[in-house]
Amino acid sequence: MQRHWFKRIAYRAIRLMVRLMAVASFRFRSFGSRNMPPEGPVLVCSNHQSHLDPVLVGMVFGRRLNFIARKSLFKFALLRWLIQFLDAIPINRDGMGLEGIKESIRRLRRGEVVLIFPEGTRTTDGELAQLKPGFCALTRRTKAALLPVAIDGAYQAWPRNAKTISFCQIQVFVGEPIHFGDYEQIDDKQL
């Protein structure tokens with residue numbers, strides 16, 4: 001889908017501004033951003049440490065990301081405006097979330113990039129929680145490449161129940177993409 005020129009320019013400007021602030025505030029560094037396939041559907045799968053995570057992952061790549069946001073975030077006026085402007089996909093975590101899943105599939109089938117946090121929610125202790133199987137179904141139905149991402153330091157910067165942010169170093173590591181041919185023959189548990 002070709003977005004309006006204003007949205008494309010604004011997305012790039014926001015990404016640059018946020019990256020500059022992250023480097024200054026968190027001594028932010030990223031590694032492996034060139035592992036993003038230059039075209040085709042990609043499901044970016046990242047661990048989930050804090051509220052900062054969508055922004056941290058989004059600013060690493062040159063390709064535009066589609067963010068999945070829980071529906072309850074759309075209740076807050078300013079946040080709703082921002083995430084709607086960024087074309088976030090609302091998902092209902094309480095039910096099946098079918099509309100959000102269908103929209104994610106549509107965007108992946110159009111060759112776009114979707115960011116998902118397979119843990120389903122932010123970590124409570126900084127450690128990786130058990131992954132939910134939903135990302136396997138998304139990637140198999142769309143034959144999207146999987147791009148693993150690891151965030152380190154965001155939990156220390158802004159843990160789940162903290163009211164304030166600590167300015168410590170945050171790093172994002174991007175792994176090698178896993179293409180459909182590489183995971184087609186393995187089961188979901190192995191994937």
Side-chain angles (χ1 to χ4, degrees), residues 1-16 18-19 30-48 53-71 73-74 82-93 95-121 128 130-151 172-191:
M1 174 175 107
Q2 185 70 359
R3 289 177 174 84
H4 189 273
W5 65 267
F6 180 75
K7 277 193 168 186
R8 293 193 314 266
I9 291 172
Y11 183 90
R12 289 185 197 121
I14 291 168
R15 186 178 59 218
L16 177 62
V18 168
R19 186 168 180 104
S30 64
F31 305 91
S33 62
R34 290 192 174 112
N35 289 334
M36 169 66 78
E39 58 188 33
V42 179
L43 187 64
V44 176
C45 297
S46 176
N47 61 322
H48 202 359
D53 297 346
V55 175
L56 294 170
V57 176
M59 68 183 174
V60 169
F61 302 110
R63 287 184 72 183
R64 183 187 181 104
L65 269 65
N66 291 278
F67 304 93
I68 294 177
R70 72 176 191 266
K71 211 170 201 168
L73 293 176
F74 288 78
L82 179 63
I83 58 182
Q84 284 177 335
F85 181 78
L86 295 173
D87 300 319
I89 302 167
I91 193 154
N92 185 358
R93 288 190 343 180
M96 291 292 291
L98 289 177
E99 279 307 308
I101 293 168
K102 287 178 183 178
E103 183 58 27
S104 298
I105 289 171
R106 278 192 283 276
R107 293 187 194 190
L108 286 166
R109 285 187 173 155
R110 287 194 306 243
E112 296 187 38
V113 180
V114 173
L115 169 63
I116 191 169
F117 298 104
E119 294 167 279
T121 189
L128 186 66
Q130 184 164 350
L131 305 182
K132 309 280 189 228
F135 78 96
C136 296
L138 269 178
T139 193
R140 289 188 191 284
R141 289 192 64 182
T142 60
K143 299 180 179 169
L146 282 172
L147 190 64
V149 172
I151 300 169
V172 172
F173 301 89
V174 181
E176 295 283 332
I178 306 167
H179 297 281
F180 181 69
D182 299 330
Y183 65 78
E184 182 179 17
Q185 301 300 321
I186 62 175
D187 65 29
D188 288 356
K189 187 170 181 172
Q190 291 171 306
L191 183 57

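One is the number of the first residue; the rest follow in order along the sequence.
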- K132 NZ: over 12 foreign heavy atoms closer than 6.0 Å: no

- Is atom CD of E184 surrounded by more than 12 heavy atoms (other residues, nucleotides or ligands) closer than 6.0 Å? yes

- Side chains of V174 and M36: closer than 4.5 Å at any heavy-atom pair? no

- Query: Below 4.5 Å, heavy atoms only, C-beta onward: do L115 and I68 meet side chain to side chain?
  - Reply: no

- Message: Assess whether a salt bridge exists between E99 and K71, defined as any Lys/Arg side-chain N lying under 4.0 Å from an Asp/Glu carboxylate O.
- Response: no

- Which heavy atom of D53 sits nearest a heavy atom of H48, and at what distance? OD2-ND1, 2.8 Å

- Residues P148 and L146: closest non-hydrogen pair is CD-O, 3.7 Å

How long is the straight-line distance from [atom2] of [Y] back to [atom1] of [X], given to the nearest 0.5 Å?
| X | Y | atom1 | atom2 | result |
| --- | --- | --- | --- | --- |
| I9 | I14 | CD1 | CD1 | 12.0 Å |
| R70 | N92 | CZ | CG | 11.5 Å |
| L43 | I178 | CG | CD1 | 10.5 Å |
| C136 | L191 | SG | CG | 4.5 Å |
| L65 | L86 | CG | CG | 10.5 Å |
| I116 | I91 | CD1 | CD1 | 7.0 Å |

- Item | Parallel, tilted or perpendicular, as decided by the 30° and 60° cut-offs, for the rings of F67 and Y11 | tilted

- Message: With side chain to side chain donor-acceptor pair (under 3.5 Å) as the rule and sequence neighbours excluded, what pairs involving residues 34-44 come up?
- Response: none

- Q190 side-chain N/O to D187 backbone N/O, donor-acceptor pair under 3.5 Å: yes

- Query: By salt bridge (Lys or Arg N to Asp or Glu O under 4.0 Å), which residues pair with D188, not counting sequence neighbours?
  - Reply: R140

- Task: Check ring-ring contact (aromatic ring centres under 6.0 Å, His included) between F61 and all other residues, then give those that pass, not counting sequence neighbours.
- Result: none

- Just jot down the side-chain hydrogen bond (donor to acceptor under 3.5 Å, both in side chains) partners of R19, sequence neighbours excluded, or say none. S30

- For R141, the side-chain hydrogen bond (donor to acceptor under 3.5 Å, both in side chains) test, sequence neighbours excluded, returns none

- Item | Summary of salt bridge (Lys or Arg N to Asp or Glu O under 4.0 Å) pairs that have at least one residue in residues 57-68, sequence neighbours excluded | R64-D87

